[in-house]
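Here's the structure we're looking at; comments come further down.
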Amino acid sequence: MKEKGWEEIPIGGVIDKAGSAAEYKTGDWRTFKPVRDEEKCTHCLLCWIYCPDSSILVKDRKMVGFDYDHCKGDGICAAVCPVKCIKMERE
Amino acid sequence: MSKVIALMGDQAAAEAMRQIEPDVLAAYPITPQTEIVMTFAQFVADGLVQTEMIPVESEHSAMSACVGAAASGARTMTATSANGLALMWEIVYIAASTRLPIVMPVVNRALSAPINIHCDHSDSMGARDSGWLQIYCENNQEVYENIIMAVKIAEHKDILLPVMVCQDGFITSHAVEGVKVYNDKQVKDFIGEYKIRHSLLDVDNPVTYGPLDLQDYYFEHKRQQSEAIKNSLKAIPEVFAEFKKHFGVEYDFIETYRLDDADVAMVALSSTAGTTKVVVNELRAQGKKAGLLKPRFFRPFPKEKIVQALSGLKAVAILDRSESFSNQGGPLFTEIRSALFDESKKPLTVNYIYGLGGRDINTEQIKSVFVDLEKIVKEKRVIESINYLGVRG
Ligand code: SF4
Ligand code: SF4
């Protein structure tokens, strides 16, 4: 994303568009990346409940992967997974 | 239509605030500002204003409430002094950086310690880098008129910055003077309606105030603030012109008094300028070419006007009612001297720090400064640039 100059942005630090935080790719911050063993996953969705960055992707009530654009790699999902099917791998 | 009524400086401020009738006023009483809050609270209790008055538990909360109210689009005011301003500190910066046009009368009082309730400018001068505009008032009439003007200045689309309107604690805040008060409608017509661009309460167009702003954008926001201060030098004269149109009174960033043909002059803020005018008249009667420069605005710093007014003089004494502990003189001195530095023709400058903690400044002391200036002109040099006027040796 090309950063804007001082004349192009709203004054006072105001963000004049709702939901724009999604455009901020916090995935850049990650050192360790969660990787799931699909075979072992029971789709209990505990990881979905605990992920502070809403980065667990769910489809039809099934855990389908990670939103790596926003996952910061904190490892909470790996810690809470009851079947220990998430490993944190170095980027 | 106007009438002259007897008002203390604090009451003059409250009267202006009654006529402005801000949507929100959040304030905590502190000497010598107390009478502003007290008088305004009476107006609220008597139903004379519809203002939502928030009696907070501290100045930090007062300014925080003001920030919230102003971000919602409410015309917002508060008032404070000294340690109250110090307690607000964190939010004072946030108000300016968030570009919220809050107007705050500041009744100047010395900062502790030792504890002291009397006038000096250490409180507002400490906030000179906070991004607020600052107006200094000589008398109660100026207090009244500057507060009314401050609303329009703060809300000007090219400025959008908060404004402190400073007056000398007790010296004017508790002195009764005749104040020419305009009628309510005239004042309301002058200030007009205020419409915020991004209201926090506009649920159809939701916005975020106060987000995290790191290495990538913080600097750009600071650059915008510098630009707003620069813009204010162009925009404030529009407000002066409108004020003149509505009330027939002329204002400028500075006031000069018998300065045009002067050889020597004094620069002083607020009530000390009034005392100096008396001395200037006495010296003029003796044939001495003395004058006065009174900056009304310290932020924006009216550099061009000050340089233009002073550069032709032989020697200038700059009075500071606060100490910066820089060993380079008080804030008014260092900024004026720096403004003159690049001029090929400039006066010799000398600084006097005076009146700390409300120490009286009298005509004899001011006369002694003019005696020093004569000596400086004669010897063509300044022997001691930083002097303390009225302190016991
Ligand atoms: S917590 Fe573990 S088992 Fe449960 S859905 Fe997430 S990855 Fe699958
Ligand atoms: S590592 Fe943290 S941020 Fe990434 S998916 Fe797991 S819980 Fe969410």
Side-chain angles (χ1 to χ4, degrees), chain A residues 1-35 46-59 65-80 86 88-91, chain B residues 66-68 70-73 76 91-102 130-132 154-162 196-232 235:
Chain A
M1 204 192 317
K2 192 181 173 297
E3 289 171 336
K4 293 178 177 165
W6 65 267
E7 287 162 296
E8 301 168 281
I9 54 174
I11 61 166
V14 166
I15 296 173
D16 58 358
K17 203 170 103 193
S20 60
E23 290 170 29
Y24 198 160
K25 306 282 188 257
T26 47
D28 291 359
W29 302 8
R30 203 168 49 230
T31 311
F32 291 95
K33 166 184 180 171
V35 178
L46 259 189
C47 56
W48 176 81
I49 292 169
Y50 276 94
C51 173
D53 290 300
S54 310
S55 293
I56 303 291
L57 302 176
V58 175
K59 211 175 160 214
F66 301 93
D67 168 8
Y68 288 120
D69 278 348
H70 297 99
C71 161
K72 292 174 190 158
D74 54 55
I76 291 173
C77 51
V80 299
I86 299 176
M88 297 302 292
E89 288 178 5
R90 207 173 172 98
E91 284 281 351
Chain B
C66 285
V67 164
S72 79
T76 306
I91 319 297
V92 164
Y93 272 71
I94 291 171
S97 309
T98 312
R99 308 294 298 275
L100 301 171
I102 299 160
S130 64
W132 284 60
E155 294 170 1
H156 192 290
K157 65 173 179 25
D158 297 334
I159 304 176
L160 290 170
L161 288 170
I196 193 170
R197 177 115 186 261
H198 298 294
S199 167
L200 209 47
L201 294 182
D202 181 358
V203 288
D204 295 326
N205 301 288
V207 293
T208 303
Y209 269 86
L212 189 67
D213 197 21
L214 300 177
Q215 300 98 320
D216 49 0
Y217 277 106
Y218 181 87
F219 200 172
E220 277 68 29
H221 286 119
K222 291 295 129 182
R223 178 66 187 82
Q224 291 178 331
Q225 275 179 264
S226 310
E227 193 67 10
I229 294 274
K230 230 190 281 175
N231 287 344
S232 74

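Within every chain, numbering begins at 1; the chains are lettered A, B, ... in the order of the sequence lines, protein sequences first and strands thereafter.
Put simply, of A:Pro10, A:Ala21, A:Ser20, the one with the most heavy-atom pairs under 4.5 Å next to chain B is A:Pro10. For the options B:Gln224, B:His198, B:Arg197, heavy-atom pairs under 4.5 Å to chain A are most numerous at B:Gln224.
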Is there a salt bridge (Lys or Arg N to Asp or Glu O under 4.0 Å) between B:Lys230 and B:Glu227? Walk through the geometry before answering. CA-CA 5 Å; B:Lys230 230 190 281 175; B:Glu227 193 67 10; 3.6 Å; yes
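In this structure, chain A has a heavy atom under 4.5 Å from the backbone of B:Ser97, while its side chain stays farther away. Contact of B:Gln225 with chain A is not made at all, since no heavy-atom distance falls under 4.5 Å. Neither the backbone nor the side chain of B:Leu100 comes within contact range of chain A, judged by heavy atoms closer than 4.5 Å. Using a 4.5 Å cut-off between heavy atoms, B:Asp216 contacts chain A through both its backbone and its side chain.
With hydrogens and angles disregarded, a donor-acceptor distance shorter than 3.5 Å links the side chain of A:Arg30 to the backbone of A:Cys71. Side-chain N or O atoms of B:Arg99 include none that pairs as donor or acceptor with a backbone N or O of B:Pro162 at under 3.5 Å. Side-chain N or O atoms of A:Thr26 include one that pairs as donor or acceptor with a backbone N or O of A:His70 at under 3.5 Å.
No side-chain donor-acceptor contact under 3.5 Å links B:Thr208 and A:Lys17.
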